[in-house]
Amino acid sequence: MRIAFVLLMLISLGTTDSYCQNQSRSVDYNAIINEAFNLFKNEKKGKNANYIPYLDKVNSEMYGIVIVTKDGQVYQIGETKYEFGIESVEKVFTLCMAMELFGDQVILDKIGANQTGLPFNSVPAIEQDGQKPSNPLVNAGAMATTSLLTSHFGHKDAWEKVDAYFAKFAGRKLSVIEELYKSEAATNMHNQAIAMLLKSYGYMYDDPFFACDFYTKQCSYGVNAHDLGVMAGTLANGGVNPVTKERLIQEKYVPKVLAIMGTTGLYETTGEWMYKVGLPSKSGVGGGIISIMPGKFAIAVFSPPLDKAGNSVRAQEAIKYISDKLNANVYVAQ
């Protein structure tokens, strides 16, 4: 009798495990992204980043959604092939490279990991945070992080090294959109001033004008929504590219990258974003946003019109919908 009971329990547990696994497999990502796409395709709020001439001309109707699972499955809908400016989303992967090279403590010591509560290009934020950059995902911190890399590799080899690293995240070689780069380089005096200010305070680790220009060039990478999905999927997969299976950042550093994304990824609106959505994310004024559900999947959405903080309006709405449907809030017990 006792043996029979034990056997029944084991069968029951096995059946439960199989049921859970089948439930996991049965998530219809295609249906969910189709719903999200159709719900928000007619959204008219926001406007392109008109302070950068190239971005102002991008077709504001374009809209694409990609989900990449940790095992490399890709689900996509809409405009997922058009190459747009990666802009500030690049900051995440520059941070990954710096952390992989120098460790996590260097990021705290030389950059910081605190929210500014101010716009991404704020000068007062530098002054109020001890005359240093606050974190690697605002312009000041991103340029300081870039200067660590250019100083380490040297001006001659730095671009080749960084370019190769970004290509590994995307699973293909990325190209700079030259028109965008020229457009930004001709209008980045504010960033140059920030770089000089950081230099005066001892938080710029290479020539400030070189670092600023290098950062501008990084922001001018052309990526499509599929690229961003794979890049973000690498973080969802603990630092291993889910498509190529190559490890790009040590697993122990990934939570620290995600923590910074979770506190400042959508600039001064990050707190509200995490309150409503609960996914570490990063936006760029080119219209892209990436969001990561650790250990499960990443979402990438492209749509050029932005809110006042510089975050894609449609992308935020689509990601929130997908997160809600998949119960993907990182603060919810899974």
Side-chain angles (χ1 to χ4, degrees), residues 52 54 83 85-112 120-121 123 126 131-170 172-223 227 231 246 248-250 253 257 260 282 284-286:
I52 299 174
Y54 178 90
E83 292 188 8
I86 190 172
E87 297 298 339
S88 286
V89 181
E90 74 81 18
K91 295 170 180 174
V92 172
F93 307 102
T94 298
L95 170 60
C96 287
M97 190 174 197
M99 198 172 285
E100 184 71 1
L101 284 170
F102 309 118
D104 54 332
Q105 189 59 44
V106 170
I107 302 302
L108 285 179
D109 294 342
K110 294 183 176 293
I111 312 295
F120 57 83
N121 61 351
V123 172
I126 299 169
Q131 300 179 336
K132 60 179 289 189
S134 299
N135 66 72
L137 302 187
V138 293
N139 290 11
M143 287 188 286
T145 307
T146 291
S147 74
L148 286 172
L149 299 179
T150 58
S151 176
H152 175 75
F153 290 122
H155 291 191
K156 181 180 178 182
D157 298 325
W159 184 257
E160 180 182 348
K161 298 291 187 181
V162 171
D163 191 46
Y165 191 66
F166 272 63
K168 289 179 180 179
F169 266 98
R172 73 177 183 99
K173 176 162 176 53
L174 300 177
S175 298
V176 170
I177 302 173
E178 288 297 331
E179 185 181 349
L180 173 58
Y181 172 49
K182 291 176 182 177
S183 181
E184 292 208 43
T187 56
N188 72 350
M189 288 73 75
H190 189 86
N191 279 343
Q192 291 178 36
I194 288 173
M196 285 297 291
L197 183 62
L198 290 177
K199 180 70 172 178
S200 73
Y201 290 145
Y203 286 98
M204 179 61 61
Y205 310 106
D206 198 358
D207 175 81
F209 293 113
F210 184 86
C212 179
D213 183 68
F214 197 99
Y215 161 74
T216 303
K217 191 173 181 180
Q218 287 176 285
C219 289
S220 302
Y221 269 126
V223 293
D227 294 328
M231 295 171 84
E246 182 176 3
L248 300 177
I249 179 172
Q250 294 179 62
Y253 293 143
V257 173
I260 295 175
K282 184 69 195 85
V285 297

Straight-line distance of [X] [atom1] to [Y] [atom2], nearest 0.5 Å:
X: I52; Y: E87; atom1: CD1; atom2: CD; answer: 4.5 Å
X: M231; Y: E90; atom1: CE; atom2: CD; answer: 9.0 Å
X: L197; Y: S200; atom1: CG; atom2: OG; answer: 4.5 Å
X: N135; Y: I260; atom1: CG; atom2: CD1; answer: 7.0 Å
X: Y215; Y: I194; atom1: OH; atom2: CD1; answer: 8.5 Å
X: N191; Y: C219; atom1: CG; atom2: SG; answer: 8.0 Å

*asked:* Quick test of your reading: applying salt bridge (Lys or Arg N to Asp or Glu O under 4.0 Å), list the pairs with at least one residue in residues 96-109, sequence neighbours left out, ordered by first then second residue.
replied: D104-K256

Give the minimum heavy-atom separation between [X] and [Y], together with the two atoms involved.
X: S220; Y: E184; result: OG-OE2, 4.0 Å
X: A144; Y: Y205; result: O-CD1, 3.6 Å
X: G222; Y: L174; result: O-CD2, 3.9 Å
X: P133; Y: Y203; result: CD-CB, 3.6 Å
X: E83; Y: I177; result: O-CD1, 3.9 Å
X: I249; Y: V257; result: CD1-CG2, 4.1 Å

Would a 4.5 Å heavy-atom cut-off, applied to side chains only, mark [X] and [Y] as touching?
X: L149; Y: K161; result: no
X: F209; Y: D213; result: no
X: D163; Y: K173; result: yes
X: K91; Y: T145; result: no
X: Y253; Y: I107; result: no
X: I86; Y: Q218; result: no
X: P136; Y: T94; result: no

*asked:* Checking T216 now: which residues fulfil side chain to side chain donor-acceptor pair (under 3.5 Å) with it, not counting sequence neighbours?
replied: N188

*asked:* For T150, give me all partners under side chain to side chain donor-acceptor pair (under 3.5 Å), at least two apart in sequence or on another chain.
replied: D206

*What class does the angle between the rings of Y221 and F166 fall in, given that below 30° is parallel, 30 to 60° is tilted and above 60° is perpendicular?*
parallel

*Parallel, tilted or perpendicular: rings of F214 and F210 (30°, 60°)*: tilted

*Short question: side chain of T146, backbone of A142 - any donor-acceptor pair under 3.5 Å?*
yes

_List the residues meeting side chain to side chain contact (heavy atoms under 4.5 Å, CB included) with A195, not counting sequence neighbours, and say none if there are none._
M143, M204, P208, C212

_Results of salt bridge (charged side-chain N to carboxylate O under 4.0 Å, His left out) for E246 - residues two or more places apart only_ = K168

_Quick one, I111 with L148, criterion side-chain contact (heavy atoms from CB on, under 4.5 Å). Give me CA distance, side-chain angles, the key distance, then yes/no._
CA-CA 10 Å; I111 312 295; L148 286 172; 4.2 Å; yes

*Only pairs at least two apart or in different chains count here, so list each ring-ring contact (aromatic ring centres under 6.0 Å, His included) that has a residue in residues 85-104.*
F93-F169, F102-H152

